[in-house]
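Single-structure report; data block below.
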Amino acid sequence: MKQSPEWPWLTMLSTVDSWTKRMDEEMFRELEGIAMTEQEILEALEKWQSLSVDPENRYAYKMRLKWLLDQLSNIRSSREEGRQEGLKEGLKEGLKKGREEGIKETIRKMSEKGMSIAHIANILDMTEEDVRERLGD
């Protein structure tokens, strides 16, 4: 079965279990075999090993990872804040439109019952112009 070009990279990334901090020896041996024929994988594996050994590099890696995770958290938080703000604005707009539609419906019904525009305006505490405008829509 032909393997995808991503296979060596996925194998490399899967070799160490980040939860248990243990390396899968069988996957590592397979990865070493791949590295014999794939120059990119060999270089990446060598770099990975040098980073893993040097405490200074490991610290720099952890700090970079922490920074990236913080950035991801900030982005997710900002996105959630934006979503919440959008929901609030949408709710406000929906309520506003709903009230306006309710007023128009009330004016229409009052007019159908034979009430004058002046009487409707008086009851609803509106100007006659506003009543006419809503009846015209």
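Here the structure is a predicted model, which means the values were calculated and not measured.
Here the closest non-hydrogen pair linking Ala118 and Glu128 is CB-OE2, 3.4 Å. Ile117 approaches Val131 most closely through the heavy-atom pair CG2-CG1, 3.9 Å.
The 12-atom threshold is exceeded at CG of Asp70, counting heavy atoms of other residues, nucleotides or ligands nearer than 6.0 Å.
The line from CZ of Arg132 to CG of Asp130 is 10.5 Å long, rounded to the nearest 0.5 Å. The line from CD1 of Ile103 to CD of Glu101 is 10.0 Å long, rounded to the nearest 0.5 Å. Note that NZ of Lys92 and NZ of Lys88 are 7.5 Å apart. Values are rounded to the nearest 0.5 Å. Met63 contributes atom CE, which lies 7.0 Å from atom NZ of Lys66 (distance to the nearest 0.5 angstrom). A distance of 8.5 Å separates CE of Met126 from CD of Glu133, quoted to the nearest 0.5 Å.
Under the side chain to side chain contact (heavy atoms under 4.5 Å, CB included) test applied with Glu112, the options Arg108, Met110, Met115 reduce to a single match, Arg108.
With sequence neighbours excluded, no residue forms a side-chain hydrogen bond (donor to acceptor under 3.5 Å, both in side chains) with Lys97.
Under a 4.5 Å side-chain heavy-atom cut-off, the cluster of Ile, Leu, Val, Met, Phe, Trp and Tyr residues that includes Leu95 is completed by Leu91.
Contact check on Glu93 versus Lys96 returns no salt bridge, with no Lys/Arg side-chain nitrogen under 4.0 Å from an Asp/Glu carboxylate oxygen.
Not one N or O on the side chain of Ser77 forms a donor-acceptor pair closer than 3.5 Å with the backbone of Ser73. Of the possible polar contacts, one joining the Ser78 side chain to the Asn74 backbone as a donor-acceptor pair under 3.5 Å is found.
Arg134 has its side chain within reach of Glu100: a pair of non-hydrogen atoms, C-beta onward, lies under 4.5 Å apart.
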